[in-house]
Amino acid sequence: MQVAPSILSADFGRLNEEIKAICDGGCDLVHVDVMDGHFVPNLTIGPVVVNAVAKISTKPLDIHLMVENNTFFVELFAPLKPKYISFHIEEEKHPHRLIQKIRSYGISPALVLNPHTPPQSIEYLLEDVDMVLLMSVNPGFGGQKFIPSVIEKAKILKKLINEKNPNCLIEVDGGVGSSNIHLLKEAGVDVVVAGNYVFTNDSYKDAIKSLQI
Ligand code: DX5
Ligand code: ZN
């Protein structure tokens, strides 16, 4: 299981040290939550701060867009060369076109599904993406309670992925910790995002290791 700590739960006054600590702690990716105050009722960081994060991080960035104008934000963040840019299917009229655009920058495209969005809705896009992110909380905030129905959803998605594109990864984001990591693994999940669980632990390294099962 790959682990992508979400820096939304980091101490932004000490962002440099926080990024170094998760990278030295052995994380696989650094998860960056970009919120615009429109798609979700919260506002986070833009390219100035993410550029600073990219310079400090020794691990690839996983940028999760929670915004209304996806194309604008893809163009804004593409120069920072993240490994992944993921966008919400609920907010995109032309997902196939945007996937090709992300790939044209040499970045892996990923789709995000809110808790209510069925995996079947992206069946005909699966062969074009490298990862699908299933939200296990309502997007907008760290530290929320895990929504258990994501486990069944991951299993259904895994079947579709096996048929359409076995190389596509499944990522789960929200409320992940030691209490649900084994269920997620069993369901076929490849990558977990963890904010609160990692950043409230005395040892980020121990927290990360405990999820890398
Ligand atoms: C929520 C974000 C998540 C969040 C995860 O909208 O997408 O990445 O920060 O934080 P935890 O692990 O605390 O739920
Ligand atoms: Zn996220």
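The first residue in the sequence is number 1, and the count goes up from there. These numbers come from the heavy atoms of this one structure, side chains and all, not from hydrogens, waters or symmetry mates. Note that ligands are numbered from 1 as they come in the structure, with each ligand's atoms numbered from 1 the same way.
When atom types are taken as modelled, the side chain of N42 and the backbone of G140 share a donor-acceptor pair closer than 3.5 angstrom. Judged purely by atom type and a 3.5 angstrom limit, T58 has no side-chain atom pairing as donor or acceptor with the backbone of C23. S9 places a side-chain N or O within donor-acceptor distance of the main-chain N or O of N196, the cut-off being under 3.5 Å. Side-chain N or O atoms of R103 include one that pairs as donor or acceptor with a backbone N or O of D128 at under 3.5 Å.
Atoms of ligand 1 lying under 4.0 Å from at least one heavy atom of M135, given by number and element, are 7 (O). The atoms of ligand 1 that sit less than 4.0 Å from any heavy atom of P139 are 6 (O). Every atom of ligand 1 is numbered from 1 in the order shown, and the set under 4.0 Å from a heavy atom of G174 is 14 (O). Counting the atoms of ligand 1 from 1 in the order shown, those under 4.0 Å from a heavy atom of N196 are 11 (P), 12 (O), 13 (O). The contact set between ligand 1 and H31, taken as ligand atoms under 4.0 Å from a residue heavy atom, comprises 8 (O). Listed by number with element, the atoms of ligand 1 under 4.0 Å from a non-hydrogen atom of M35 are 6 (O). Ligand 1 places these atoms under 4.0 Å from at least one heavy atom of M66: 6 (O), 7 (O).
Nearest protein heavy-atom contact of atom 9 (O) of ligand 1 is S6 OG, 3.0 Å. From the protein, the heavy atom lying nearest to atom 14 (O) of ligand 1 is G175 N, 2.8 Å. Scanning all protein heavy atoms for the shortest distance to atom 4 (C) of ligand 1 gives D173 OD1, 3.8 Å. Atom 12 (O) of ligand 1 has its closest protein heavy atom at G195 N, 2.7 Å. Protein heavy atom in closest approach to atom 10 (O) of ligand 1: G142 CA, 3.7 Å.
Heavy-atom separations between F141 and ligand 1 include at least one value shorter than 4.0 Å.
Of the N or O atoms in G143, one or more lie within a sub-3.5 Å distance of an N or O in ligand 1. Considering backbone and side-chain atoms alike, D33 places an N or O below 3.5 Å from some N or O of ligand 1. Looking at H64 next to ligand 1, an N or O pair under 3.5 Å apart turns up. Remark: ligand 1 and V193 share no N or O pair separated by less than 3.5 Å (distance only, no angle test). In terms of polar-atom proximity, defined here as any N/O pair under 3.5 Å, G140 does make such a contact with ligand 1.
Under 4.0 angstrom from ligand 1, the non-hydrogen atoms of A194 all belong to its backbone. Counting heavy atoms under 4.0 Å from ligand 1, residue L8 touches it through the side chain alone.
Here the closest non-hydrogen pair linking I45 and F77 is O-CZ, 4.2 Å. Residue D28 comes nearest to K59 through the heavy atom pair O-CB, 4.1 Å, listed as atom of the first residue, atom of the second, then distance. V176 and A194 get closest at one heavy-atom pair: O-CB, 4.2 Å.
Distance check, rounded to the nearest 0.5 Å: CD of E68 to CG of D36 gives 6.0 Å.
Of all protein N/O/S atoms, those under 2.8 Å from the Zn ion (ligand 2) are H31 NE2, D33 OD1, H64 ND1, D173 OD2, and waters are not counted.
Applying the 6.0 Å contact sphere to NZ of K205 captures no more than 12 heavy atoms from other residues, nucleotides or ligands. Residue-environment remark: NZ (K209) exceeds the threshold of 12 foreign heavy atoms within 6.0 Å. Within 6.0 Å of CG on D202 lie no more than 12 heavy atoms contributed by other residues, nucleotides or ligands.
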Expected list for residues 114-126: side-chain donor-acceptor pairs under 3.5 angstrom, two or more places apart:
| residue | atom | partner | partner atom | Å |
| --- | --- | --- | --- | --- |
| T117 | OG1 | E90 | OE2 | 2.5 |
| S121 | OG | P118 | O | 2.6 |

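Applying the ring-ring contact (aromatic ring centres under 6.0 Å, His included) test to F199 and every residue at least two apart in sequence or in another chain returns Y204. Applying the ring-ring contact (aromatic ring centres under 6.0 Å, His included) rule to H31 yields the partners H64; only residues at least two apart in sequence or on another chain are considered.
Hydrophobic clustering places L61 together with V34 (ILVMFWY residues linked when any side-chain heavy atoms are closer than 4.5 Å, directly or through intermediates).
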